Amino acid sequence: MTGKEFLRLVARRGIPLSCIASRLNCKLATIRAFELMDTIPKPYVIKFISAFQDSLSPQDLDLLTQ
């Protein structure tokens, strides 16, 4: 999953980037930098899934784990 796809997924779910940064214990600038990345670093994906599992559909989880 590219960074742009990740940010689109987050926007569709209505999760603010600041909330993601807070739960993943990183800077907001780091989350915004994902837009320019070809792939999201795996540690961030794992933390994101565990923090927001209740907000994600099974299809979203499949996209994130590909």
Side-chain angles (χ1 to χ4, degrees):
M1 167 175 274
T2 67
K4 284 186 181 186
E5 291 172 339
F6 175 76
L7 294 178
R8 265 189 252 127
L9 172 87
V10 169
R12 273 188 282 144
R13 292 290 164 219
I15 304 170
L17 294 181
S18 59
C19 182
I20 295 171
S22 173
R23 287 210 183 159
L24 299 185
N25 208 16
C26 65
K27 295 181 181 179
L28 182 59
T30 303
I31 303 299
R32 288 192 176 142
F34 287 170
E35 185 174 10
L36 303 175
M37 295 182 181
D38 290 335
T39 59
I40 305 296
K42 192 168 185 115
Y44 287 104
V45 172
I46 293 169
K47 287 180 185 178
F48 178 79
I49 290 172
S50 66
F52 294 98
Q53 190 169 8
D54 297 337
S55 302
L56 300 172
S57 70
Q59 294 83 12
D60 295 338
L61 292 173
D62 288 341
L63 285 173
L64 287 167
T65 56
Q66 288 181 355

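Source: prediction; values computed, not measured. For this chain, numbers begin at 1 and follow the sequence in order.
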After noting the C-alpha distance and the side-chain angles of F48 and F6, does the key distance pass the side-chain contact (heavy atoms from CB on, under 4.5 Å) rule? CA-CA 11 Å; F48 178 79; F6 175 76; 3.9 Å; yes
Any chance CZ of F52 has more than 12 other-residue heavy atoms, nucleotides or ligands included, within less than 6.0 Å? yes
Atom pair CG (L63) and CG (L56), whose distance is rounded to the nearest 0.5 Å: 10.0 Å
For residues 18-40, dump all side-chain donor-acceptor pairs below 3.5 Å to protein atoms at least two apart in sequence or in another chain.
unit_1 : atom_1 : unit_2 : atom_2 : d
R23    : NH1    : A51    : O      : 2.8

Report yes or no: does D60 contribute a side-chain atom to a donor-acceptor pair with the main-chain N or O of S57 at less than 3.5 Å? yes
Heavy-atom closest pair, residues V45 and L64: CG1-O, 3.6 Å
Applying a strict under-4.5 Å side-chain criterion to I, L, V, M, F, W and Y, I'd like to know whether I49 and L7 cluster together. yes
